[in-house]
Protein chains: 2
Amino acid sequence: MTTVDHLRQVRLGNLRTVLLALVDRPGSRADLAARTGLTKATLGNLTEPLLAGGILVEEPATLAGMGRPSKPLRFHPEGPVAVGAEINVSHLAVETLGLDGETLERRLVPADTRGATADEVLDRVAELIREVTGPRKLLGAGLAIPGVVHDGVVIRTPNLPKLVGSPLAANLGRRLDLDVELDNEANLAALAHLWPHHLAGEDFVHVTADVGIGAGVVLNGEVYRGVSGFAGELGHVVIERNGVLCTCGSRGCVERYAGLDVILREAGRRTLNSLRKALDTGDSRAQEAVRKAGEALGVGLATLMNLFDVPTVVLGGSYALLYEHLSAAVQSEMDGRVLAGGERHARLVASPLGEFAVARGAAGLITRRAVQQPERLFA
Amino acid sequence: MTTVDHLRQVRLGNLRTVLLALVDRPGSRADLAARTGLTKATLGNLTEPLLAGGILVEEPATLAGMGRPSKPLRFHPEGPVAVGAEINVSHLAVETLGLDGETLERRLVPADTRGATADEVLDRVAELIREVTGPRKLLGAGLAIPGVVHDGVVIRTPNLPKLVGSPLAANLGRRLDLDVELDNEANLAALAHLWPHHLAGEDFVHVTADVGIGAGVVLNGEVYRGVSGFAGELGHVVIERNGVLCTCGSRGCVERYAGLDVILREAGRRTLNSLRKALDTGDSRAQEAVRKAGEALGVGLATLMNLFDVPTVVLGGSYALLYEHLSAAVQSEMDGRVLAGGERHARLVASPLGEFAVARGAAGLITRRAVQQPERLFA
DNA sequence: CAGACTAAGTTCAAGCATTGAACGAATGAG
DNA sequence: CTCATTCGTTCAATGCTTGAACTTAGTCTG
């Protein structure tokens, strides 16, 4: 720590505060000063390099009432952006995201990645990313995979076995000459509900079902990943200790009762769309399959809530699509099993984000990092 | 924020860093400078008021090799202390703790608190605290109860129903004219393993069985309490969704299989001591009861580890006393059910702290707060 | 025993981000 | 046109850390 560094930390912290306020909404220097608790003078200082660096723009002026009109500041429409990409077993998705939280481009293509090598997949991802990124400066790329990740390397991914041990972040980074951050799709889907906009508060769990069940846990406004990146493995929470054998070696894992494959099999359907049609026409076998899955999921979620004590559960992905047929059973199990005290109540909601949630979260990883470490914006 | 405040924050942060280094071990100004990354000059500045205020003392001098001898600084032996108290169904315990982490006094008395009112219990606690605190300045008192707590008020405590809704912190504070912090015994037992000394790393779960089962969760060096203080309710993790009915309204809770009352009943014993004697003499009914409890606990812990992803489980309280007869079954279930990847391995250890763990943790709450908010030391 | 050496602790001017007050700028009201 | 009002900038003051120079208090060598 040199002499400058301590004061520089203060400055960077204030810069972060200001940028966070701007993500919330644009505002003039005076308005930002009021919102952040800093002085107008400091705001002039802090925003000057952001304006000079093309991160922010000053809008013409807003004529509103008496006094000198304010010139609101907002993120520059030609400023830097981030891109997020999702590698899944049946599709690839990419999305570009501005610092202001606006989606710029998105693309989703079917792809059978199960048999593909890491290089083949990354080539295709890099191509997609090039398609959606224009001339604007790129802050970096976020990359999502269905599996556990550590230090940019895939540790475990039951459904894409050829990717295990592969340093995806570094390899995609080399292809694009870009900083790449690799993370679990469950974490990133959860992040998409936290950043850039709070869609479910600062403490919640986001649950999706693909082949397995993944939960992204947000505690105190931060995605909780655990020591080794294994946190939130809701799919392997045990609900029947002598139950069905699981691929993980355990018995009675939630995944074996509430996984999408189980629901489809029980309902006698091949695809999620077919299942939804059956549900809409009142097919009782389909409804029963979904209800039973909801019960199992509810038991697992009750356990999760008793351990994490978060007030909200967001059902995303396939679960969001089945929400109306699923939620009653889930809610009922949770209500009966979550420890109550005072006005504690488990709130269950469907994700509003749809199929781009993961890619958006991956991009959000990058814009969030840029705001939290503002020095990156000047690099 | 006035102009001073930003710089004051820097100073307080550095003060905290220095105090944390001193909790680790005493050291001269030069040594502390090296350990904290600050300069010798800053250390002179920071320690001066601590010495003047009687928080630290300068030891005579250590003659060790060449150069001017260093004068190590340590916490003043007559400096301020904290006291911790535990209210339990069958006993009360208190312990005083110095800033250096040394235990000064402790006392444990049997007490039947089940039927007592809050006032009766607090009178007795205040009396005990007065017995163990000498003339040294008191930084505050920590108070532990078996139950859920929020803002100094008891929210839920199945075994001490008369205390529900009672503002114990304020009421004990009034009796002693002292700052009192109220917390859950499970959290405080966990804290005792984290502060003042790391006994199980920075990420672990501490589990005890009394009437119920309580887990204190430490994530990233902080006790995790959850949004409403309900986090870590391992006792109500479901391991058999259609299992035994629990007092909480759910079915198949871990508590119903691994609670101390269940173990004793299954073993046909009345007290923990009698159970231990039976185990030592090779009583197979007792051994089987403990083994079965260990299995159930292991299933619940596996679920917990798959959600929190911490590397270590500490068995404390009664479980620590049963450790040698319990650990194999627990470990075996965990090994079979915790999701593995790389060199991930669930480490199971017995708490070394014994029956004062909770009271010590309660006192630690206060000394820790004093170090983390050093301005309190000058009040 | 004297002088060289070594390391601890202190002194002090320099650097820097924020602040508050004063000031200049831009507009509406009368 | 003048005053009130609000926005944004300028500037001296504040106070904490820093690094280098300096002082202090010992050991080591011959």
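In what follows, every chain begins at residue 1, and chains take the letters A, B, ... in the order their sequences are listed.
Mapping G44(A) and M66(A) onto DNA chain D via the closest heavy atom, the residue that lands nearer the 5' end is M66(A). The nearest heavy atom of DNA chain C to G67(A) and to V10(A) marks one nucleotide each, and the one closer to the 5' end goes with V10(A). Mapped onto DNA chain C by nearest heavy atom, L38(A) and P69(A) fall at different nucleotides, with L38(A) at the one closer to the 5' end.
Looking at heavy-atom distances under 4.0 Å, A30(A) makes contact with sugar-phosphate atoms alone, never a base. Using a 4.0 Å heavy-atom criterion, one finds that T42(B) contacts the bases of the nucleic acid, with or without backbone contacts as well. The residue S70(A) sits close only to the backbone: its heavy atoms come under 4.0 Å of sugar-phosphate atoms, none of a base.
The aromatic rings of F308(A) and Y224(B) sit perpendicular to each other, their planes meeting at more than 60°, with 30° as the lower class boundary.
Atom pair K40(B):NZ and dA25(D):C1' shows a separation of 13 Å (rounding to whole Å applied). L15(B) places its CG atom 11 Å from the P atom of dC16(D), with the value rounded to the nearest Å. As a whole-Å value, the separation of E58(B) CD from dT10(C) C1' is 12 Å. Atom CG of L73(B) is separated from atom P of dG9(C) by 7 Å (rounded to the nearest Å). Between the C1' atom of dG15(C) and the CG atom of L7(B) lies a distance of 12 Å, rounded to the nearest Å. For R8(B) and dT19(C), the CZ to C1' distance is 15 Å, given to the nearest whole Å. At whole-Å resolution of the value, CG in L12(A) and P in dT18(C) are 10 Å apart. Distance N45(A) CG to dT9(D) P: 9 Å, rounded to the nearest Å.
In terms of heavy atoms, Q372(A) sits closest to R16(A) at O-NH1, 2.5 Å. Here the closest heavy-atom approach between residue D100(A) and residue H197(A) is recorded as O-NE2, 4.3 Å. Shortest non-hydrogen contact noted between A61(B) and P69(B) is CB-CB, 4.4 Å.
Phosphate proximity of dT9(D) to R29(A): present, with a side-chain N or O under 4.0 Å from OP1 or OP2. Between H6(B) and dT19(C), a side-chain N or O to OP1/OP2 separation shorter than 4.0 Å is present. In terms of phosphate contacts, T39(B) brings no side-chain nitrogen or oxygen within less than 4.0 Å of OP1 or OP2 of dG19(D). Applying the 4.0 Å criterion to OP1 and OP2 of dT17(D), one finds that N14(B) has a side-chain N or O inside that range.
Atom CG of L138(B) sits about 10.5 Å away from atom CG of D177(B), to the nearest 0.5 Å.
Distance from the side chain of K71(A) is smallest to dG8(D) among dT17(D), dT5(D), dG8(D).
For a distance-only test at 3.5 Å, the side chain of R68(B) qualifies as a donor-acceptor partner of the base of dT24(D).
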